[in-house]
Structure formats: C-alpha cells, structure tokens
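Order of the sequence lines sets the chain letters (A, B, ...), proteins ahead of strands, with each chain counted from 1. Because the structure is predicted, anything quoted here is derived from the model rather than measured. Computed over heavy atoms, backbone and side chain alike; hydrogens, waters and symmetry mates excluded.
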Number of protein chains: 4
Amino acid sequence: MPKKPLKTTSKAERTKKNILDAATTEFSSKGFDGARIDEIAKRSKANKSMIYHYFDSKENLFTAVLENAYVGLREYQRDLSIVGLKPVDGMTKLTGYTYDAFMQMPDLIRLLNNENLHKGVHLRKSKNMREMYDPLLVNVGELLRHGVKEGVFRKNIDPVNLYISIASLVYHYVSNHHTLEVAVERELMSEERIAERREHVIDMVLSFCMTNRAVSATRKDFSNAL
Amino acid sequence: MPKKPLKTTSKAERTKKNILDAATTEFSSKGFDGARIDEIAKRSKANKSMIYHYFDSKENLFTAVLENAYVGLREYQRDLSIVGLKPVDGMTKLTGYTYDAFMQMPDLIRLLNNENLHKGVHLRKSKNMREMYDPLLVNVGELLRHGVKEGVFRKNIDPVNLYISIASLVYHYVSNHHTLEVAVERELMSEERIAERREHVIDMVLSFCMTNRAVSATRKDFSNAL
Amino acid sequence: MPKKPLKTTSKAERTKKNILDAATTEFSSKGFDGARIDEIAKRSKANKSMIYHYFDSKENLFTAVLENAYVGLREYQRDLSIVGLKPVDGMTKLTGYTYDAFMQMPDLIRLLNNENLHKGVHLRKSKNMREMYDPLLVNVGELLRHGVKEGVFRKNIDPVNLYISIASLVYHYVSNHHTLEVAVERELMSEERIAERREHVIDMVLSFCMTNRAVSATRKDFSNAL
Amino acid sequence: MPKKPLKTTSKAERTKKNILDAATTEFSSKGFDGARIDEIAKRSKANKSMIYHYFDSKENLFTAVLENAYVGLREYQRDLSIVGLKPVDGMTKLTGYTYDAFMQMPDLIRLLNNENLHKGVHLRKSKNMREMYDPLLVNVGELLRHGVKEGVFRKNIDPVNLYISIASLVYHYVSNHHTLEVAVERELMSEERIAERREHVIDMVLSFCMTNRAVSATRKDFSNAL
DNA sequence: GATGAATGAGGGTTCATTCAT
DNA sequence: TATGAATGAACCCTCATTCAT
C-alpha cells in the first residue's frame, strides 16, 4: 500500500502553485519594483521563507511568473485550429482569436510591459521562453502564403511586421486603455466598445492583406463620431 | 548698463529644470517604483532637499515629469501641417509623422506604460493633461471627413478607433521591442528595420482607409521571410 | 519530560518587552519629538525593523509606553489598603502613599507632561486607559464621606478638586523641580527635602479636610527660612 | 538733524519682536523638539536667515523665548500690591492673583514644562533668569511672618514649601488638564470650573496657614459629587 | 539688514533576505 | 518542509543651518 496517493499534487507542489499564483497577481498589478514579497506571502498563505525556498529570489520568482503566464498564452493559442479554413476566414479567425486571448490576459500584458521596462532581461535569460515559438507568428506566415497562392492576399507582405501589427492592435488597447481613455474621452472597456474594437481590428488586418476587400455591410455609421 | 544680463533664466529655474530632466530619465528607465530620488539628485547635481522644495513628493515629481513629456509630444504634433494636402497625402504624412514622433520619444512611452500600470491616476489628476486634446485625434477625424467627401476614403470608419490603431501600430513597436525581438528572433531597432516598419504602418493605415488601394510598386518581396 | 521549560516567556515577547522598556526610557527623557527610534533600537538591542514589526509606528509605540506606565501606576495604587483605618489615618496614608508612588515614577510624570503637550491625544485614543479608573480618586471620595460622617472632616469638600490638589502637590514637585530649584535657590531632591515635602503635603491635605486640626507637635521651626 | 526718530522702534526691532512672538507660539505649542524654524519664519513673516541673524540658533531662540515669557510673569506679579492688607486678606489676594496669572499664561506653563524635560539647562544658563527673584516667594514669606506675628497664621510653616504648594495647586491644573480630564471624567476648563477651582485653592492655602479657619459660609455642597 | 537658494546630516519607515528551530 | 524571528541596507522625506547676493 503506497503512502502517497499517486494522482495527488503533493502539498509542496500546491504551496508552490499558490505562491506562483499570488505572485502573478502581485507582479502584474504592481510591477516588479512595486510588488511586495510580504504581500505575496500573505496572499498565498505561505510562509515568507517558503518563497525563498522554492524560488530563491524576487527576480527568479518574477521570471517564473512570466514564464508561467507565457505558457498560458501559448497554450491558449495552440487551441486554435485554422486547418482547412480559407485564408480570409483563417485570418479573420486568427485575428479575432488573438484579440480574445489578450482580452482575457491583462495580467500577461502588464507582465510583458514590465519586462520591457527592464529591457527583457528575464525573458532573454529564460531558455524555456526563448525556445517557445509563437503559434500566432507561424500561423500568420502560413495563412499569408496560402492567401497569396489563392490570389486573395497581396504579395509582398512581411509576415513579421503583420504579426507585430496584429499584436499591436490588440495589445495596445488593453495595455494603454487608461491613458487612451483620457485622450479620447471615451470609456473603452465596456462590452460594446470591446466588441466594436474587435470588428475594427479584423477589418484593418483584412483590408491590409486582401487584394479585393469586401466591405462589411453591417458596419456602423461613424460619420458623426467626432 | 544693467547688472543682470537680460535673457537669464533664474538659478532657481535652472535647478528645477535640471531636476525635471534627471527625473525624466530616471522615471522612464526604472518606472515609478524603481526610480530613486537619490539618483535623480545625483544626476541633476541638485541637493536632494531641493527636489522636495520644488516638487513636494516623488509622486508629484512623477506627475510633473509626465506632464512635461506630454507637452513635448503635443508640441511636436502641433508642428505638423496637413492643410492643403489631399486626404491620402495627409494621412500618409500624419501617420509617418506620428511614427517619427514616437520613435524620438521612447521616454514618454515608458512613462505612459508606467502610468497605465498605475491605472492612469496621475494623468487623471492633472487638469492640464486632461484638457490637452490630441492633435492627432483631431487631424484623423478631419482627414477622414475630407477623404470621404472626395470619395477616396471609406465611409463608416470610426475616427477614434482609427486613431487608436495608428497609435497602437506605432507605439507598440517602440514599447515592446524587447519582448518582440525574442518572439520574432529579429533585431528590430536597426535603421533599416525602423524604416521598413514605417512603410508597413503607413501601408496598413491607407489600406484600411482607402476605397481603392494603390499598392506601392516598390514594395519589397517578403515571400521568403519566414 | 517536556522539551520546553514551562515558565518561559517566548523570545518574541522578550524582544517586545525590551523595546518597550527602552522606549519608556527614551520617550520619558526626551519627549515624543526628541526621542529617536534609532536610540530605542540600540538600547533594546533589537533591530530597528523589529520596532515597526511590533508597534507599527513611533506614535503607536508612544501610546504603548504610556499605557504601560499608566498600568504600572494603577497597580501600585491598588496595593494600598485603607480599609479599617480611621478617616484621618486613611487620608494620611493615602496622601503619603501617593507621594511615594509619584516619587518612584518620574518617567510616568514626564510621559504625562508630554501627553499634555500633545493635548492628550494618545490617552484619549486608548480605550484601555480611558476605562482605567483612578483608585486614588475613589479612595478620596470614600474617605471624605466617612470623615464627614464621623465629624472629623468638613462637609462641602469637592472630592474631585481634592483629588486634583493632592495630585498637584505631589506631581508638581517631581515634575518641575528643575525650574523650581532655580526660583527658590534650594536643592529639592535630597532625601531630607523629599521627606520634608512629604510632611508638608500631608499637613496641607489634612489641614484642609479636618474640622479640628491637630497641629503636629514635632514640626520644625521655619521662622528663619527666608 | 537725526536720521532716526528717537522714540520709534526700528524696523529691526520690530522684526526681532515678530520672531520672538512667533517663536513663543511655536515653542509653547509644540515643545522645543517639535517646533519648526520654518514655521516660525512663516508666522513671523521674517526670512529664515533673519532668525539666525538675530538669535544664532534654535537653542538660543528658545532661551530668549523662555526669558521673555518669564519676564512677563514677573511683571504681572509685580503689579500686585499687598501692602496694608491684613495677612489673611493678603494671602487670599496673593493666591487668587497667582491663580489668575497662570490661567492667563498657558504658554509659559508649556515652556516651563519643556524646560523641565530638558532639565532646566536653558534656565540655568541664563544669568538674567537666575537673578530674577520671584515676587510670589518674597510675598509669601512676608505674609507668613506678619500672620504669625498677629497670631492668625501658624508658626512653623516653611515659606518655600508653601510657595511651591501654591504654585503646584495653580500650575498643575492648567498644565495637566488634558490628562486630568480623562481621569476625572469632567470638563475642567469651563468658566464655572475655573472659578470653583480658584475658591478651592484659596481655601486650601488658608486652611493650611490659619490658626482658626473661618469656613466659607457660601461653600457649595459636594456631598454627592462622586 | 534682508532675501532666496542651497546644503547635508539624519529621521522614520520599508523590504528583500536569512537564521534558528 | 515549514515557521517565526531577526537583520541591515536603503528609501523617502525633513530640518536646522549656511551661502551668495
């Protein structure tokens, strides 16, 4: 008779997980420098020393958090299947899916912003992350090639820049909505606005890629917006 | 013969300016929480107490820095004239100009990221900044209207979302290039890449706005990019 | 056999106690504003952070010190028994005992002076202290009533004012002896003077209360004192 | 023809006076360590450097303030005349007058408390103050002698201790009313209470001095006070 | 005599990290 | 593996004092 049940996460692992979760919340809401180990300990109900036992230092903990969040994104992205779709449908789905992904992961966005503030040191240090290719990037390339072959997408589109643009259009809206709201004097995170933005981004990406753009018939009239 | 030269900024003002400059560097490179008052003092060659004499608190100093950088951007933007230009030329110039502006102001971008981490509290608190409308936003609206009237731009484009998109395409590249570089395994801030990106962004904006897109004939061939 | 000895105060409690003791010395000798946390840390051999760990702030530490000293006084006072004594004897004992108490607690006196400088904010904030009635006050009332009933004490004496007077006669001598010494050009804290003062205070209180004052036959001759 | 009018306080003197007044307020309300030079400068509308010009240091300024307040008290006391009064009337007047004096000078009381906290260093250092004899002390001695000669006052009363007692009964009430109020749960500084206390103190002093005490017929009934 | 700018030591407080059990 | 106590460097901020004009 085994002492430990097989399929159980050990107490140790649970503690570690709790710490990681608490750290994710703390780091993403306060940034690396604003985050407090004490707070992470309190929130994870772990003893402070445990954090050092498992993660050695604040820096390492941050890296672990970042890695973890990154994996989450990649996993989310890998759930998307565009096989068998026509290029336009694929691009639409891909863009929308990416949009949804980031909308659901504001934590990751804040972590990445922080990482950029620190010039990407943690990301660069982590072998895991460097080796984790981005499915979005691969998919964009794939779709572009298909689309070009079928004549629906323009030639000469740099997939890397397109990838960056899709990410930009999606990411920036979540990342900077606080300051954007002040500039545009409009609330941006209401359900309606979020849906509108989704349409807009897809429209933008397709307009850019397609040789003949089919304008959505259902589009709202913005002629009096400003 | 006057004792004092006429065009002298007072010593006090110079000190204040030095502090503000040093603080801009420090805050934008380390973020609010990572920034050190001691470092600002050292860099500005001012005594630490002077900082408090002129700015009362770290928080206030940050607000002053943000405000100052914001004003810089607005002034830069106001130098742009699109009067008399055709809509397409205007939009091209506007987008390119915005791109250049942000490329030259990485500090501001980091400050804004930080401000978003803190949910925009400083920005919202500052009456000055809230009242400073964004020329880009106004110009985008203007251009869209003209373009629609002349039949070169699509109807039904939301100027606010377009404004956000232009900002996104430009801002994100500067803001997140460290993490993007890891993802796309490409160096992004070389002169060549920066120029390429500029083209790309303009292309994207025009593709989106125009009814009949004129594809740039000189566009590079990216078919083997990935 | 138990691993831990039974009567051990935990290490934490000992540290806390050390801090409180050191703080009492520091606050009572320098006042709230003159007291230095660094000094308290040094004297208590505790790390400065421990002070904040246990007491949160200088203000709270002061309150704790005051409370602690107050409790000390009340405990001292509660040791006094006047049951069964005749009113005059009781009043004599009570006054003398109070005198002795304050003589032994110059720290408390300085703390109270400081508290009065700060308008009693700490005292008023502390529920504990507000609820701690003063045995002296109760006893004075009791004795007066008995004495009046037995005809040895005058009617119409306000116990509150009498209480205050006893406290005044005792307290002021300890509290202000430095300036008094300059005014009267007499050293006041010698054993002899202290004893003399004790007699004087008791005499004063009795003179005030009694209907027929019995003049002490052994009283010194002061006719050439000045 | 003189440049300066003779009987005018010069601007310099006025500045000095303003500083002294502001310093008195500041020191008496915050104590030596709690007082702020900046605050004194602001309140006196003098430049901070002027304070150092006239008074050299915070310490010296405090001494000047104390000296000044002391002189005020002495001057007040010197206005009292008891010549020609019968001993009992004289003692009554003297005590009442002292009571009134202290009631009007809470600032001085706080300064003296502070001085005692600092063990009287400033007072002892000031030759002026050490040489300023206390009229109260002289008068007490005088009255006692007359009273004894006329047979209305007891022999064997130590004038120094009596002097201290009168001061105690008066001073403590003003000095410690904040903490006393908490202890006796009674508001102490209302006009009525102040008047009551005055009666009480006089009664106490006379009871102590007189051979045959005449009990005031108008005395309130306190038998239910507690 | 008066002003405004500057100085530097140090004050209260925080926080990542380690030690002892 | 886990706990609680302790550490020490450093952080933001204050304040008495001085300098230059």
Side-chain angles (χ1 to χ4, degrees), chain A residues 10-16 32-41 45-61, chain B residues 3-4 10-16 33-41 45-61, chain C residues 3-4 10-16 19 32-41 45-61, chain D residues 10-16 32-41 45-61:
Chain A
S10 70
K11 204 184 169 202
E13 262 174 81
R14 232 177 313 128
T15 302
K16 206 174 164 183
F32 179 79
D33 293 303
R36 296 292 166 251
I37 296 286
D38 264 305
E39 188 58 31
I40 294 171
K45 277 162 191 160
N47 187 285
K48 225 187 333 175
S49 312
M50 282 295 94
I51 296 176
Y52 285 89
H53 182 69
Y54 287 121
F55 297 96
D56 286 333
S57 71
K58 190 185 182 184
E59 197 112 344
N60 275 4
L61 178 56
Chain B
K3 268 181 184 167
K4 278 187 194 172
S10 73
K11 212 183 170 199
E13 263 173 79
R14 232 176 314 130
T15 302
K16 207 174 161 181
D33 293 305
R36 295 293 164 252
I37 295 286
D38 262 305
E39 188 58 31
I40 294 171
K45 275 160 191 160
N47 186 285
K48 224 192 327 180
S49 325
M50 284 287 95
I51 297 176
Y52 288 90
H53 181 68
Y54 288 120
F55 296 97
D56 287 334
S57 70
K58 190 185 184 184
E59 196 112 347
N60 272 8
L61 179 55
Chain C
K3 268 180 183 167
K4 279 187 194 172
S10 74
K11 212 183 169 202
E13 261 173 82
R14 232 177 313 129
T15 303
K16 206 173 163 181
I19 293 172
F32 179 80
D33 292 304
R36 294 294 165 251
I37 295 286
D38 262 307
E39 188 59 32
I40 294 170
K45 276 163 189 157
N47 187 285
K48 226 192 324 177
S49 321
M50 284 287 94
I51 296 176
Y52 287 89
H53 181 68
Y54 289 119
F55 295 97
D56 287 334
S57 70
K58 190 184 184 185
E59 196 112 346
N60 272 8
L61 179 55
Chain D
S10 70
K11 204 185 168 201
E13 263 174 81
R14 233 177 312 129
T15 302
K16 207 173 162 181
F32 179 80
D33 292 302
R36 296 293 165 251
I37 296 286
D38 265 304
E39 188 59 31
I40 294 171
K45 275 160 192 162
N47 187 286
K48 227 190 327 178
S49 313
M50 282 294 94
I51 296 174
Y52 286 88
H53 182 69
Y54 286 120
F55 297 95
D56 287 333
S57 70
K58 191 184 182 185
E59 197 112 345
N60 274 5
L61 178 54

- Query: Under 4.0 Å: is that the gap between some side-chain N or O of His53(A) and OP1 or OP2 of dT1(F)?
  - Reply: yes
- Item | Any Arg36(D) side-chain nitrogen or oxygen under 4.0 Å from OP1 or OP2 of dA16(F) | yes
- Message: Please determine whether any donor N or O and acceptor N or O are separated by less than 3.5 Å between the side chain of Asn47(D) and the base of dG4(E).
- Response: yes
- Item | Pairwise distance OH(Tyr54(B)) to NZ(Lys16(B)) - rounded to 0.5 angstrom | 8.0 Å
- Task: Using atom CD1 of Ile37(D) as one end and atom C1' of dA16(F) as the other, report the distance to the nearest whole Å.
- Result: 7 Å
- Query: When rounded to the nearest 0.5 angstrom, what is the spacing between CG in Leu61(A) and CD1 in Ile40(A)?
  - Reply: 5.0 Å
- Item | Between C1' of dT14(E) and NZ of Lys58(A), the distance in whole Å | 11 Å
- Item | Under 3.5 Å donor-acceptor pair, Lys48(A) side-chain atoms to dT17(E) base atoms | yes
- CG/Asp33(D) to CZ/Arg36(C) distance, rounded to the nearest 0.5 angstrom? 6.5 Å
- Task: Rounded to the nearest 0.5 Å, what's the gap from OG1 on Thr15(A) to CE on Met50(A)? Could you check?
- Result: 8.0 Å
- Mapping Ala35(B) and Lys45(C) onto DNA chain F by nearest heavy atom, which one lands closer to the 5' end? Lys45(C)
- Message: Output the rounded distance in Å from CD (Glu39(D)) to P (dC15(F)).
- Response: 10 Å
- Between P of dA16(F) and CD1 of Ile40(D), the distance in whole Å: 8 Å
- Message: Once you apply a heavy-atom cut-off of 4.0 Å, does Tyr54(B) come out as touching a base, just sugar-phosphate, or nothing?
- Response: sugar-phosphate
- Distance test, side-chain N/O of Ser57(A) to OP1/OP2 of dT17(E), below 4.0 Å: no
- Task: Would you please confirm or rule out a distance under 4.0 Å between OP1 or OP2 of dA5(E) and any side-chain N or O of Lys11(B)?
- Result: no
- Within the structure, does a side-chain N or O atom of Thr15(A) lie under 4.0 Å from either OP1 or OP2 of dA2(F)? yes
- Message: Using Watson-Crick or G-U wobble geometry with both distances under 3.5 Å, which nucleotide pairs with dA20(F)?
- Response: dT3(E)
- Assign Ala41(A) to base, sugar-phosphate, or nothing according to its heavy-atom contacts below 4.0 angstrom with the strands shown. nothing
- Message: Rounded to whole Å, please give me the gap between CD1 in Ile51(A) and C1' in dG4(F).
- Response: 14 Å
- Item | Within 45° cone of Tyr52(A) ring axis and under 6.0 Å: Lys58(A) NZ or CZ | no
- Message: Whole angstroms only, please: what is the CG-P distance between Asp56(A) and dT17(E)?
- Response: 10 Å
- Query: Does Tyr52(C) make a side-chain N or O approach to OP1 or OP2 of dT13(E) shorter than 4.0 Å?
  - Reply: yes
- Between atom CG in Asp38(C) and atom C1' in dA9(F), what is the gap in whole Å? 13 Å
- Query: Could you give the distance from CD1 (Ile51(A)) to CG (Asn60(A)), rounded to the nearest 0.5 Å?
  - Reply: 13.0 Å
- Message: Let me spell it out: for each of Ala46(C) and Met50(A), pick the nucleotide of DNA chain F with the closest heavy atom. Which residue's pick is nearer the 5' end?
- Response: Met50(A)
- Can you tell me the distance, in whole Å, between the CG atom of Asp33(A) and the C1' atom of dC11(F)? 13 Å
